[in-house]
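A quick write-up on the structure given underneath.
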2 protein chains.
Amino acid sequence: MATRTRRSQRRTEALSRERIVGAAVELLDAAGEGGLTFRALTERLSTGPGAIYWHVANKGELLGAATDAVVAAALAIEPDKSPKTPQDEIRAVALGLFDAIDEHPWLATQLSTQFSRSPWGSVTARIFESIGRQICALGVPEDNWFTATSGLVHYILGAAGQNAANARVLGPDVDRTEFLDAVSRAWEELDPGDYPFTRAVADQVRDHDDHEQFLAGIDLVLTGVTALHLPGGQADTPPAA
Amino acid sequence: MATRTRRSQRRTEALSRERIVGAAVELLDAAGEGGLTFRALTERLSTGPGAIYWHVANKGELLGAATDAVVAAALAIEPDKSPKTPQDEIRAVALGLFDAIDEHPWLATQLSTQFSRSPWGSVTARIFESIGRQICALGVPEDNWFTATSGLVHYILGAAGQNAANARVLGPDVDRTEFLDAVSRAWEELDPGDYPFTRAVADQVRDHDDHEQFLAGIDLVLTGVTALHLPGGQADTPPAA
DNA sequence: ACCTGAACACCGTTCAAGT
DNA sequence: ACCTGAACACCGTTCAAGT
């Protein structure tokens, strides 16, 4: 408690939507979803709630704007190292999102919510589009475009979100290997009768690299995507009888 | 407004954790995450907040218990029609979750949260385990068990969640095809320069069957899972150069 | 046009007190 | 052991009033 937040704000600096969104991101980063409060926001910006409501419709819109800002920055990084395969392009976008969610764990929930509330609005549309284009470039037949793209996006968001959540379960400074060790031990103590699989998989958790694990999942889905339209593989012909 | 909730409660019936969880599920179903309130709960059960806190530690625990109850019911349905392939088994579990989330949309957020907060606790562990066993039965090499299983689980939760959210975007009685039509049209009106892919995929959205689409995604991942360990396919050997 | 800040209707949670 | 209900510290949001 009594954590001094910076008072550096020149109170003369004009209030703007951007400044509000920036402060919102800072609060979310510092204390998660619960940290974004109109009281905290007014204190940090040294104004009253009315001032904020003049620039922003409500808390929901503010959350959306914060999400937009962070994701847009993450997707914009990519410079133009020209010759890349569609797979590499997909991995780059996926890793960009993975790292953004890792830095801003609140993004995971927010993106899922926003993605489902209005898929064609704002950021989520850009994510869908950028993955979709590569699916298309991969030579996937048009019938499978939608399935393949949304499959990938769901995996990316889900896996990245879980990783971020794992990272924050304990304090920010807990040793990663120490934490994974604890998880692994917890799994190993499960009832052997009820959880044989989870127990067997326990040490795979212990020493896995986050990025590697994440990319392995991407490749898994990509393998499925490309295998589907090879001779003998149709969407309606499941992988085995 | 002024929606009459049932007053049928015999006030003499003893308060119990089960009865509280049951009421919580009803409130969540009726009005979503925001509908679960200690005031609403006390009214429905005709008690005070103190009584509820005697049976339940806090709101988080109550949400967890509600999630547990609903998912356990969904996974328990499966009778023993004996001979099934692992794929069929996976599809059955996936569809069970899909339908449960469709009936109780709040489950999506809740499961993701719970899944990441403590993967080894309660329901999420059971989901992971039941999918994992089939992955194992599929002959996937042990190295890929964890990746394959969590990939599938993420897809299932993500896709089911999005479907449920879509279903509730408009009122519960809006025609499905009418809604999909609106989405499709919205996509078609996107900027052709920025969103060529999304526009191209717009009519695939218009006439898709939810279950079919969902299962196609499952098969896509399953194809990847099984293809990985065929001759020539290793986890570290991405689907194309 | 932009900002102030008191006020409103909520929320989760606690706790002395009852039975 | 189980329940009551007033009270506390918080929310998001509004709005008359100022500049």
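Just so we're on the same page: letters track the sequence lines, and every chain starts at 1. Note: hydrogens, waters and symmetry copies are ignored here, and every other heavy atom, side chains too, is used.
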N or O in side chain of T37(B) less than 4.0 angstrom from dC11(C) OP1/OP2: yes
Short side-chain N/O contact to dC3(D) OP1/OP2 from H55(B), under 4.0 Å: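 Indeed, a polar side-chain atom of H55(B) lies that close.
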Side-chain donor/acceptor contact of R39(B) with base of dC11(C) under 3.5 Å: yes
Canonical and wobble pairing (Watson-Crick, G-U, under 3.5 Å) of DNA chain C, dot-bracket with |: ||.|||||...|||||.||
Where protein sits on nucleotides 14-19 of chain D, one letter per nucleotide: B base, S sugar-phosphate only, - none, heavy atoms under 4.0 Å: BB----
Sugar-phosphate, base or nothing in reach of L41(A), heavy atoms under 4.0 Å: nothing
4.5 Å side-chain heavy-atom contact, I131(A) and F197(B):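 Side-chain contact under 4.5 Å: no.
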Tell me the interatomic distance from [X], atom [atom1], to [N], atom [atom2], rounded to whole angstroms.
{"X": "L15(A)", "N": "dT4(C)", "atom1": "CG", "atom2": "P", "result": "8 Å"}
{"X": "N58(A)", "N": "dA9(C)", "atom1": "CG", "atom2": "P", "result": "20 Å"}
{"X": "I52(B)", "N": "dG12(C)", "atom1": "CD1", "atom2": "C1'", "result": "11 Å"}

Rounded distance [0.5 Å steps], CD in Q110(A) versus CD1 in I101(A): 11.5 Å
Heavy-atom donor-acceptor pair, S130(B) side chain to I127(B) backbone, under 3.5 Å: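 Checked: pair present.
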Separation between the C1' atoms of dA17(C) and dC2(D), rounded to whole Å: 13 Å
Identify all side-chain donor-acceptor contacts of residues 30-42 of chain A below 3.5 Å with residues at least two apart in sequence or on another chain.
{"unit_1": "T42(A)", "atom_1": "OG1", "unit_2": "F38(A)", "atom_2": "O", "d": "3.1"}
{"unit_1": "T42(A)", "atom_1": "OG1", "unit_2": "R39(A)", "atom_2": "O", "d": "2.6"}

Working for side chain to side chain contact (heavy atoms under 4.5 Å, CB included), residues V70(B) and W106(B): CA-CA 11 Å; V70(B) 171; W106(B) 50 273; 3.9 Å; yes
Least distance between heavy atoms, P196(A) atom then R133(B) atom: CD-NH2, 3.5 Å
W54(A) side chain, from C-beta outward: closest of dT13(C), dG12(D), dA1(C):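 Closest nucleotide among those given: dA1(C).
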Side chain of T47(B) (C-beta onward), nearest among dT13(D), dT4(D), dT13(C):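 The listed nucleotide nearest to T47(B)'s side chain is dT4(D).
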